[in-house]
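Report on the structure given below.
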Amino acid sequence: MAGDQVAEEKKSSVKILTTTNVKPKKPLGKRECQLTTFDLPYLAFYYNQKLLIYKGGEADFEDIVEKLKDGLGLVLEDFHQLAGNLGKDEDGVFKVVYEDDMDGVVVLVAAAEELAVEDLTAEEGTTKFKELIPYYRVLNLEGLHRPLLAVQFTKLKNGLAMGCAFNHAILDGTSTWHFMSSWAEVCRGSTSISVPPFHDRTKARNTRLKLNMSQPSDAPEHAMSAANGDVSAKVELPLREKVFKFSESAIDQIKSKANAYPSEGSKPFSTFQSLSTHVWHAVTRARQLKPEDYTVFTVFADCRKRVDPPMPESYFGNLIQAIFTVTAAGLLLGNPPEYGAAMIQKAIDMHDSKVIDARNKEWESNPKIFQFKDAGVNCVAVGSSPRFKVYDIDFGWGEPESVRSGSNNRFDGMVYLYPGKNGGRSIDVEITLEANAMERLEKDNEFLMEV
């Protein structure tokens, strides 16, 4: 047994070979942009980690790394904020600052030559990922003195792993994948990117807010508990992560089930709304909640087209807001799927520019810096989106075998949605749950769409 453990540790050991920095290829001078009400709540979240796993290229690993670094220097000319740091102006207002003498993006080059692509694509949890993606348990607030993007290229036995840690206080998922697709574009030989980022955040919100935060200890006490040992009395139950893959036909069945009994004057439920209620039901069953226990469904919705005036898709920053729906577990499970789907649909439809503005004003009058777990009681919280074209991120040697989220910002009920590798309408549902609930979920044929 001990021998097996040693073999496993050897197999997964990752050796850092070099650490360098990459800056925009040409001088840009000083660039500044204040953070907005859409950005500030994420200061006490951790860096947002993504892992892209590619097959092949291990024989030309050094050449590929140089090509990737070269492309990164080019794309940072447009996405210069990622090469900067967080800062504060004379009034204590947070901003993103880029200057030519800053360090830029930190790039680590590593090797784990006994670790195969298949070891990572079969990984249900995220344990192996911790050595492959930088900035595990690093708060976004630390961007005051750390790079806002850290990248690690790891040579595998038969491929390459690209681990990226993005400071979530300066960008959301839409901006993250806009950057990644632009970086891939220049690596494939394009001399410029097809969609430049829109950098003027103040067009979406121009309220100047002073926040008295400058170091991690200024964040909510419980936001640091995971890094410093849990200081609260609450016992943290062990969590497990797993990816559930739903084929096109399974997604179509889930959607048709949610839309089986439309009420008069109602509009059809979308794929997202149908899948969301499917997951919400299953997780609530797996948790074995009492009928009177509340359960919250939270979705981080893109507000680019909801704000007034609407912002372009290329808006670079955070332009998301959490939308909450709450009901009793007994009501959710005692009703057909359209009950939950209708609540989710209504909450999303109601989230217009007036609601967004009112939420911002409320937050600005009493700013609360949340920790990443503050998504509601017995919650199911959905991040990422199957609309993000993550399998199109081709740097010149093929599309990724797998795209996953790292260990940061995970809690009981966190769900990431990604398009399925096979394309079409297939969707991968990456769920983090308390271990006992996950065991029950894995056996739930109604959830798995298995007879």
Side-chain angles (χ1 to χ4, degrees), residues 21-24 33 35-36 38-53 68-69 71-73 75-76 78-87 94-98 102-108 126 129-130 132-154 161-184 193 197-199 201 216 300 302 304 314-320 372 383-385 388-390 393 395 400 403-410 414 416 418 430:
N21 291 84
V22 174
K23 305 202 306 195
C33 186
L35 295 188
T36 74
F38 292 102
D39 301 305
L40 297 172
Y42 301 102
L43 284 166
F45 280 46
Y46 295 117
Y47 272 67
N48 200 9
Q49 297 178 309
K50 299 298 174 192
L51 181 67
L52 291 83
I53 302 158
L68 287 167
K69 285 162 78 169
L72 182 58
V75 81
L76 287 173
D78 288 293
F79 291 88
H80 56 269
Q81 290 184 18
L82 285 167
N85 289 109
L86 295 182
F94 274 90
K95 59 184 178 178
V96 194
V97 185
Y98 171 78
M102 286 181 164
D103 289 339
V105 174
V106 66
V107 176
L108 297 92
T126 58
F129 299 173
K130 286 174 187 168
L132 298 171
I133 317 173
Y135 288 7
Y136 173 59
R137 291 288 167 94
V138 173
L139 289 176
N140 294 314
L141 183 60
E142 296 185 49
L144 287 163
H145 57 83
R146 284 183 189 254
L148 301 179
L149 171 60
V151 181
Q152 180 175 322
F153 306 123
T154 304
M162 180 185 290
C164 302
F166 295 89
N167 191 299
H168 203 340
I170 74 156
L171 82 170
D172 59 15
T174 299
S175 293
T176 295
W177 295 109
H178 178 199
F179 165 76
M180 292 298 289
S181 62
S182 301
W183 182 10
I193 63 174
F198 178 84
H199 280 301
R201 294 166 193 249
F300 292 91
D302 184 2
R304 283 167 176 76
S314 59
Y315 174 98
F316 185 84
N318 285 291
L319 205 41
I320 53 175
F372 65 92
S384 195
S385 168
F388 296 153
K389 294 181 168 57
V390 301
I393 310 297
F395 290 89
V403 177
R404 293 282 303 274
S405 297
S407 303
N408 283 354
N409 301 318
R410 287 183 181 271
M414 186 66 214
Y416 292 102
Y418 288 108
E430 190 175 356

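Here Y135 contributes atom OH and N48 contributes atom CG; the two are 14.5 Å apart, rounded to the nearest 0.5 Å. Atom CG of L35 is separated from atom NZ of K95 by 10.5 Å, given to the nearest 0.5 angstrom. Atom-to-atom distance recorded for T176:OG1 and N167:CG is 10.5 Å, nearest 0.5 angstrom. Distance NE2/H80 to OH/Y98: 9.0 Å, rounded to 0.5 Å. Here Y315 contributes atom OH and H178 contributes atom NE2; the two are 14.0 Å apart, rounded to the nearest 0.5 Å. To the nearest 0.5 Å, the span separating CG on D302 from OG1 on T174 amounts to 4.0 Å.
Judged by distance alone, the side chains of S405 and Y418 do bring a donor and an acceptor atom under 3.5 Å apart.
Using cut-offs of 30° and 60° for the angle between ring planes, the W183 and F153 rings count as tilted.
Between the K23 side chain and the M102 main chain, a donor and an acceptor come within less than 3.5 Å of each other. A donor-acceptor pair under 3.5 Å links the side-chain atoms of Q49 to the main chain of N408, judged by distance alone. A donor-acceptor pair under 3.5 Å is formed between the side chain of H199 and the backbone N or O of D78. At distances below 3.5 Å, at least one donor-acceptor pair connects side-chain atoms of H168 with backbone N or O atoms of L171. One N or O on the side chain of S175 and one on the backbone of G317 form a donor-acceptor pair closer than 3.5 Å.
Evaluated for a side-chain hydrogen bond (donor to acceptor under 3.5 Å, both in side chains) with R201, the options T36, D39, N318 yield exactly one hit, D39. Of the candidates F198, F79, F166, F316 forms a ring-ring contact (aromatic ring centres under 6.0 Å, His included) with just one, namely F79.
For N85 against P147, the heavy-atom pair with the smallest separation is ND2-N, 4.0 Å. Nearest heavy-atom pair, L148 versus L82, reported as atom, atom and distance to 0.1 Å: CB-O, 4.0 Å. In plain terms, the two heavy atoms of A83 and V105 that are nearest each other are CA-CG2, 4.2 Å. L149 and C164 get closest at one heavy-atom pair: CD1-CB, 4.5 Å. Residues L51 and A161 share a closest heavy-atom pair of CD1-CB, 4.1 Å. In terms of heavy-atom proximity, N409 sits nearest to Y47 at ND2-O, 3.6 Å.
Under a cutoff of 6.0 Å and an axis angle of 45°, R404 and F129 do not form a cation-pi pair.
V106 is not listed as a side-chain neighbour of P134, based on a closest heavy-atom distance of 4.5 Å or more. Contact of the Q81 side chain with the F179 side chain is not registered, since no non-hydrogen atoms from C-beta on lie closer than 4.5 Å. At a threshold of 4.5 Å between non-hydrogen side-chain atoms, the residues L43 and L86 count as touching.
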Query raised in the report: Run the side-chain contact (heavy atoms from CB on, under 4.5 Å) check on M180 and F395 step by step: do they pass?
Result: CA-CA 10 Å; M180 292 298 289; F395 290 89; 4.2 Å; yes
Requested in this report: Take F94 and L141, measure what side-chain contact (heavy atoms from CB on, under 4.5 Å) needs, and give me the verdict at the end.
Outcome: CA-CA 10 Å; F94 274 90; L141 183 60; 3.8 Å; yes
